[in-house]
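So that the names make sense, note that chain A is the first sequence line, chain B the second, and so on, each numbered from 1.
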Amino acid sequence: MAGENEGSREGTLGKNLTNGFTKGQLSSESKKNTKKSKGSSKKGIETGKRNGFVNFMDEDEERSEEQSDTFAVSKSVDKPPKKKSLLEQRKQLPIWEAKDAICQKIQDNRVIVVVGETGSGKSTQIPQFLNECEYAKEGCVGITQPRRVAAVNLAKRVAQEQNTRLGDKVGYSIRFDDSTSPNTRAKYLTDGMLLRELINDPLLSQYHTLILDEAHERTLMTDMLLGFVKKIIKKRPALRVIIMSATLNAERFSEFFDGAEICFISGRQYPVQIHYTYVPEQDYMDACLRTIFQLHVKLPPGDMLVFLTGQDEIEALESLITDYAKQLPSNKLQIQACPLFASLPQEQQMLVFQPTIPNHRKIVLSTNIAETSVTISGIRYVIDTGLAKVKQFNARLGLESLTVQPISQSAARQRSGRAGREAPGQCYRLYTEADFDKLPKESTPEIKRIDLSQAVLTLKARGQNDVINFDYMDPPSKQSLVRALEHLYSIGALDDNGKINETGYQMSLIPLLPSLARAMLSAREHNCLNEVIDIVSCLSTDSMFLFPQEKREEAAEAKTKFLHSEGDHLTCLNALRVYLETSSDMRKHWCNQNFVNRRALKIILDIRKQLREHCKKANWDINDNTEVNTENILRSFLSGYISSTALLHPDGSYKTTVGNQTVSIHPSSSLFGKKVEAIMYHESVFTTKPYVRGVSSIRGNWLSAVAPHYLGRQQV
DNA sequence: GAGCACTGC
């Protein structure tokens, strides 16, 4: 199917492209185009409807103004000369002028909102300013980040500026890696880590100031922190809070904190001119390909960043670009296409960051990863399809889905901003201005889109028993909260009144999904903690089994030697055990030979190590069984998957025990096509139909034994 | 008989 799609896509693309770019036309068209756009820069690249060109119009004057406001254009284009001292460099940051004002504001107000664009230096400088303030003599400032790398890099930079060893006065704290000491006065941490700290220190008493950075991203963790911090300031009058946001929706944060003052910091961002298409493009892949070549022959050198939705698209477009690039005259600028997505192997990801091949224009084809997580230097042009893949959780059906959706206006601005990091840039939106205006202003916060089981457990374990009335900036639907409560109840984390019990509290201390944490607790009783730790580690990150498009059969063949008849849980245990027995100098080779994802395996081993340490601290015995007792292992998992089970019906289909929905075993599962009495599954995903993945076989009579309190009414 | 945007503890 996938192959067929690609084939037909290539067909239309090819036709349209050659309309616009036959070999002979290439250079003359490009000349014509350049002339036109120069002659009428206000009106856009007007070329009419011929030749399959994608026609863009520029933003109108008013809109350009708004854009430059949004991006707080820096007037000085020159960069600081190399030899300047760190202090002199700091003094040139836009935020330096605001130093006294910020210090004054934070002395006078308990909460402020700081809006600063990229490059303002707010994340590195404000913590240093604060530590010089009168009120901040004792304790430290905590700066939260949504991502691990950001926490580490900011800490490194500030340690340098303070001329101190990293981990001393300036440190960071992220999962698997803590670099702080009692001396630490500026601590960069992921927001998940600060949420962890709430367990042992409910008032976060070590901090004189908390800075929630990148709050506009509205991650689940940031949103939970916002609610907790609002509670804490009522109990700690001395605590200061700074909410940092990159967009102009700061009023929402200000309102949430009872009208907190907003400070605006200008950034070091160059203007980006926005271009829209005149008419909606039917096929954005086709439009993308044509736009890339159209712009390539027209625009001065400078790399290009194209936002697409996923790996398949990126790989398809990459091969098309490479094909058509062969038609470029050899005396003209050539094209170097670079794919970029999270699961791309490290070595290939590096190509994006290395200097562009001489006489080439680098064209980075990227997912959303380049919108926030990764910054690429040299980008002058952005092409934005206006789309992204978004995960959504249907609370009524308990199904997840991943669908392509239009992005928000603020995401579109974030994308266009990627063209103006080093010089003035251009952004070509493959949609009309009218369509842009119809986009939602902000993206939907994560808390409204995902399964909240883990979040609800987190809230309850930190003293927020009433999760419906927690002070959310954007409350999730009642239905999704109720579903999470029901799920937690089904696995025995809550008592009959919905309060967290000892089991639930123990689960909350384990950094895993509630279902997997429950399996671990159950494994203690079944004397198979060792095996279950290995399996939950595998289930906590991307699959270790790779299936490259071109070598699918080879990869499937390699996987057969690990297959276990009882299902996917024991299959991944088999594979991990073989890996662990492989000598360290052979492991890389083993991975390549067996189509095993080395990056996933590294994370699996990190998680495994962390879980084993957790057990050691809790004094839990990690058994040293020589023989694997599959029934004990599966029964342990069933404690966590009790509401994720399905029974085989006479017609050969599986129907869920809760909700009686028909589900199919995903073709990637080792139980695909097998008919067993009953199954439990790690996740259910809606793609073309409801599929379950991470599936293992169970006996029907295990169900009532595991959760009589829950399944009593729906006896099997 | 077929999919995986991106994070995080």
Quiz item: Would the A:Y284 and A:Y431 ring centres measure less than 6.0 Å apart?
Solution: no

Here the distance between atom P of B:dA5 and atom CD of A:E217, to the nearest Å, is 19 Å

Testing B:dA2, B:dA5, B:dT7 for proximity to the side chain of A:R147, the answer is B:dT7

A:I450 CD1 to B:dA5 P, in whole Å, measures 18 Å

**Asked** Base, sugar-phosphate, or nothing for A:I369, non-hydrogen atoms under 4.0 angstrom?
**Response** sugar-phosphate

Rounded to whole Å, OH of A:Y172 lies from P of B:dG8 at a distance of 14 Å

- Query: Looking across every strand, which nucleic acid part, if any, lies under 4.0 Å from A:F672 by heavy atom: base, sugar-phosphate, or nothing?
  - Reply: base

Taken to the nearest whole Å, NZ/A:K551 to C1'/B:dA2 is 21 Å

task: Give A:R148 one of three labels, base, sugar-phosphate or nothing, depending on what nucleic acid heavy atoms sit under 4.0 Å from its own.
output: sugar-phosphate

Counting the atoms with a prime plus P, OP1 and OP2 as sugar-phosphate, which does A:A388 contact under 4.0 Å by heavy atoms, base, sugar-phosphate, or nothing?
nothing

query = Aromatic rings A:Y641 and A:F637: how do their planes relate, parallel, tilted or perpendicular, breaks at 30° and 60°?
reply = parallel

On DNA chain B, more 5' by nearest nucleotide between A:L512 and A:S343 is A:S343

note: A:D451, atom CG; B:dC6, atom P; distance rounded to Å ~ 20 Å

With the side chain defined as heavy atoms from C-beta on, A:T190 is closest, among B:dC4, B:dC6, B:dG8, to B:dG8

Residues A:R449 and A:V390: closest non-hydrogen pair is NE-CG1, 3.6 Å

| Which is true for A:I174 with a 4.0 Å heavy-atom rule: it touches a base, it touches only sugar-phosphate, or it touches nothing? | sugar-phosphate

Winner on side-chain proximity to A:S668, out of B:dG3, B:dC6, B:dC9, is B:dG3

| task | Answer with base, sugar-phosphate or nothing: what part of the nucleic acid does A:T688 contact at a heavy-atom distance below 4.0 Å? | result | sugar-phosphate

Side-chain contact check for A:P511: nearest option of B:dC6, B:dC9, B:dG3 is B:dC9

Of the listed B:dC9, B:dG3, B:dA5, the closest approach to the A:K389 side chain comes from B:dA5

| Do A:Q454 and B:dG8 have a side chain to base donor-acceptor pair shorter than 3.5 Å? | yes

Taking the basic N atoms (NZ, or NE/NH1/NH2) and the acidic carboxylate oxygens, is any pair closer than 4.0 Å for A:D542 and A:R599? no

In whole angstroms, the gap separating C1' of B:dC9 from CZ of A:R462 amounts to 9 Å

In whole angstroms, the gap separating P of B:dC6 from CD of A:Q311 amounts to 9 Å

Result for side-chain hydrogen bond (donor to acceptor under 3.5 Å, both in side chains) between A:D384 and one of A:R418, A:Q414, A:R415 points to A:R415

Hey, does the side chain of A:T219 come within less than 4.0 Å of B:dG8's phosphate (OP1/OP2), counting only N and O?
-> no

query: Do NZ/NE/NH1/NH2 and the carboxylate oxygens of A:R147 and A:E217 come within less than 4.0 Å?
result: yes

The residue, A:R175 or A:T367, whose nearest nucleotide of DNA chain B is more 5′ is A:T367

With heavy atoms under 4.0 Å as the rule, sort A:M193 into base, sugar-phosphate or nothing.
sugar-phosphate

A:I603 CD1 to B:dC6 C1', in whole Å, measures 13 Å

Syn within 90° of 0, anti beyond: B:dC6 is anti

Closest to the side chain of A:T687, out of B:dT7, B:dC9, B:dG3, is B:dG3

